[in-house]
Amino acid sequence: MREYALYTGCVAPTREIGYEMSVRKVMEALGVELKQVDDFNCCMPACLVHSVDYTRGLALTSRNLCIAEELGLPLFTLCSSCFGNLSRAKHLLDEYPDIRRDVNEILGEVDKGYKGEAQVEHVVTVLHNEITLDGLRGRITEPLRGINAAPFYGCHIFLPQKYAGFDDPEFPDKLDALIGVTGAQNVDYHEKTSCCIGCGSFFGEVSEGASVLLAETILDSAKEGGADCIVTTCPFCIMQLELGQLRLREKGKEYDLPIIHYVDLLGLSMGMEPEELGMDLRRIDTELLLEKIGG
Amino acid sequence: MVSHRELLEGLLSEEKLGFCNNCGSCTASCPMARVIPEVYNPRSLLQRVNLDFDRLIEGEELWLCAWCYRCTERCPQGIQPTEVFLLTRNFASERGNIPDNPRTIMRRIVETGRSNPYNEFIDEYREENGLPPIGPTISQKALEEQRRIMGEDFIRRIEG
């Protein structure tokens, strides 16, 4: 039994409840124990909080690393931005002694200090590196033959390489490999390694508009590649690509392209019911996809 | 304690900014520049960090970086534009130049410890679906420690 400290972040438990259900269900079945921790704070997105005060921002993020050290458990993040932000803090504190000194001076005010032992993981890094592809293969009871799944990597799960350390920064292929395990057919398409602009979408009208424009390009590309669904690593990407579709619907453009997380695909291939995986809670109906899988 | 200016000079020195070859890898890699090229261009932004700092931190362009790190990954000179922009925003924030939307989200973080809004329907919805409640804020202990780590200056900048 592997144990981790569950770090839910802000997006999953408030706006992507179906995804949180899916993670809990699949991890339980895989024998991964997720310890509920009530003491964490927000990861403090660098694009917001570290933009106001770089050092105090890092201290706020690192408070979570200290709690993981106290528990002696690796952090298990649900959101790629939490993963990226916590990995970044760890990298900067590990590589720059003066930053660690300054951050620890601030953390000392609340009787905490970063020791350099915290480990930061993500749903997908745990599945790929800990459970492994072979370990997953043995759990697949209902291979998803006949559906075309378009991998969408997002950003912070693999960029920049020195923070994330998970996949090749130019030609990532680990999500492709994970999708392959479920029996689904991978779609190779132009926007596979594009960005959902989630982290830049909340700065006002201009950036919101930008995120819809890029969503349109991503959705067009996946459709053109014959995708039955887009498979992400991050709840923020799910939200952006779903909300993007709702906006584009207002403009008369219909995609009806389900956006799901890799754990949803994995859960289905392990024989779980869509409702157990929260797939009936998606903003874009997954029924056609599920029919295709059932047939 | 080192100041932000020293951090900027040390971790990402102005001499280093001068290494920019103006090759445009950053702009070519940037998702924001791809869809709104007339508004956002990281290559020109980077030049302005070096040459037009005071005017740059008055505007909102600096806040359009979506923090994806593609430019940082690809810059052949290792300049790390993403980190440069984050640091540069510190100077804008110091002068009170934080656009309304990021300010609203950060006020929410100060008050509740979360970037996303909470309402009671969230916990009802969670319960219906078999998930534990999250409550309106992070734990009181976490919220209190967060306030102390932020410090008065930080909170004053957010509250504006």
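None of the values given here were measured: they were computed from a predicted structure. Chain A is the first sequence line, chain B the second, and so forth, proteins listed ahead of strands; every chain is numbered from 1.
- Every pair passing side chain to side chain donor-acceptor pair (under 3.5 Å) that includes a residue from residues 78-88 of chain A is listed here, sequence neighbours excluded: A/His50-A/Arg88, A/Tyr54-A/Arg88, A/Ser80-A/His122, A/Ser80-A/Thr233, A/Ser81-A/His156, A/Arg88-B/Tyr69, A/Arg88-B/Glu83.
- By the 6.0 Å contact criterion, NZ on A/Lys35 is open, its count of non-hydrogen atoms from other residues, nucleotides or ligands being 12 or less.
- Rounded to the nearest 0.5 angstrom, B/Ile158 CD1 and A/Leu48 CG are separated by 8.5 Å.
- For chain B, the option among A/Gly204, A/Pro160, A/Gly57, A/Ala210 with the highest count of heavy-atom pairs below 4.5 Å is A/Pro160.
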- Criterion side-chain contact (heavy atoms from CB on, under 4.5 Å) on A/Glu109 and B/Glu145, from CA distance to verdict: CA-CA 9 Å; A/Glu109 292 167 23; B/Glu145 290 191 9; over 6 Å; no

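- Contact tally against chain B (heavy-atom pairs below 4.5 Å) for A/Met44, A/Arg63, A/Arg15, A/Lys162: the top residue is A/Arg63.
- Counting heavy-atom pairs closer than 4.5 Å to chain A, the top-ranked of the candidates B/Asp100, B/Ile105, B/Asn116 is B/Asn116.
- Per-residue heavy-atom pair counts under 4.5 Å with chain A were compared for B/Thr72, B/Ile36, B/Asn129, and the maximum is reached by B/Asn129.
- In this structure a side-chain-to-backbone donor-acceptor pair under 3.5 Å is missing from A/Arg56 to B/Phe154.
- Only the side chain of A/Glu170 comes within less than 4.5 Å of a heavy atom in chain B; its backbone stays farther off.
- Contact of A/Glu205 with chain B is not made at all, since no heavy-atom distance falls under 4.5 Å.
- A salt bridge between B/Arg34 and A/Glu191 is present, with a side-chain N of the basic residue lying under 4.0 Å from a carboxylate O of the acidic one.
- With a 4.5 Å cut-off on non-hydrogen atoms, B/Leu143 does not touch chain A at all.
- The choice from A/Gly84, A/Ser194, A/Gly278 that makes the most heavy-atom pairs within less than 4.5 Å of chain B is A/Ser194.
- Considering only heavy-atom pairs separated by less than 4.5 Å from chain B, the leading option among A/Thr193, A/Val49, A/Ile67, A/Leu107 is A/Val49.
- Taking OH from B/Tyr125 and CD1 from A/Ile17, the interatomic distance works out to 6.0 Å, rounded to the nearest 0.5 Å.
- No side-chain heavy atom of B/Asn90 sits less than 4.5 Å from a side-chain heavy atom of A/Val52.
- Using a 4.5 Å heavy-atom threshold, the side chains of B/Glu73 and A/Gln161 count as touching.
- There is no contact between B/Arg103 and chain A, counting heavy-atom distances below 4.5 Å.
- Ranked by heavy-atom pairs shorter than 4.5 Å toward chain B, the options A/Leu213, A/Val206, A/Leu159 are led by A/Leu159.
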- So B/Asp153 and A/Asp53, side-chain contact (heavy atoms from CB on, under 4.5 Å) or not? Walk me through it. CA-CA 9 Å; B/Asp153 267 5; A/Asp53 189 318; 5.9 Å; no

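- For the pair A/Glu208 and B/Asn101, the minimum side-chain heavy-atom distance is below 4.5 Å.
- Contacts between A/Gln36 and chain B at a heavy-atom distance below 4.5 Å involve the side chain alone, from C-beta outward.
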- Determine, stepwise, if the pair B/Val35 / A/Ile197 fulfils side-chain contact (heavy atoms from CB on, under 4.5 Å). CA-CA 10 Å; B/Val35 285; A/Ile197 312 196; 4.1 Å; yes

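- Contact count versus chain B (heavy atoms, under 4.5 Å) is highest, among A/Gly198, A/Pro13, A/Ser207, for A/Pro13.
- Between chain A and the residues B/Thr112, B/Leu86, B/Ile138, the largest count of heavy-atom pairs under 4.5 Å involves B/Leu86.
- Contacts between residues 56-66 of chain B and chain A, defined by a heavy-atom separation under 4.5 Å, are made by B/Trp63, B/Leu64, B/Cys65, B/Ala66.
- With values rounded to the nearest 0.5 angstrom, B/Met150 atom CE is found 8.0 Å from A/Asn41 atom CG.
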- Task: Please report the C-alpha distance between B/Arg114 and A/Cys42 in whole Å, then the side-chain angles of each, then the deciding distance to 0.1 Å, and finally whether the side-chain contact (heavy atoms from CB on, under 4.5 Å) criterion is met.
- Result: CA-CA 6 Å; B/Arg114 293 201 193 98; A/Cys42 171; 5.8 Å; no

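- Contact of B/Met106 with chain A is made through the side chain alone, with heavy-atom distances under 4.5 Å.
- Residue A/Glu95: no heavy atom, backbone or side chain, is found under 4.5 Å from chain B.
- Surrounding CD of A/Glu28 are at most 12 heavy atoms belonging to other residues, nucleotides or ligands under 6.0 Å away.
- Residues B/Arg89 and A/Cys47 approach most closely at NH1-O, 2.7 Å, considering heavy atoms.
- For CD of B/Glu124, the number of neighbouring non-hydrogen atoms (other residues, nucleotides, ligands) closer than 6.0 Å is greater than 12.
- Using a distance-only test at 3.5 Å, with no hydrogens or angles considered, no donor-acceptor pair links the side chain of B/Ser139 to the main chain of A/Phe40.
- Options B/Gly135, B/Pro99, B/Ser115 differ in how many heavy-atom pairs under 4.5 Å they form with chain A, and the most are formed by B/Ser115.
- Each of B/Arg148, B/Glu144, B/Gln146, B/Lys141 was checked for a side chain to side chain contact (heavy atoms under 4.5 Å, CB included) with A/Val110, and the lone residue meeting it is B/Arg148.
- Comparing B/Leu131, B/Asn119, B/Ile122 by how many heavy-atom pairs each has under 4.5 Å with chain A, the most go to B/Leu131.
- The SG atom of A/Cys10 sits 6.5 Å away from atom CD1 of B/Ile109, with the distance rounded to the nearest 0.5 Å.
- Interface remark: A/Tyr163 contributes side-chain atoms only to the contact with chain B (heavy atom separation under 4.5 Å).
- In terms of heavy-atom proximity, B/Arg70 sits nearest to A/Gly154 at NH2-O, 3.4 Å.
- Looking at every heavy atom in both residues, A/Pro45 comes nearest to B/Trp67 through CA-CH2, 4.3 Å.
- Taking B/Ala92, B/Pro132, B/Gly130 one by one and counting their heavy-atom pairs under 4.5 Å with chain A, the maximum is reached by B/Pro132.
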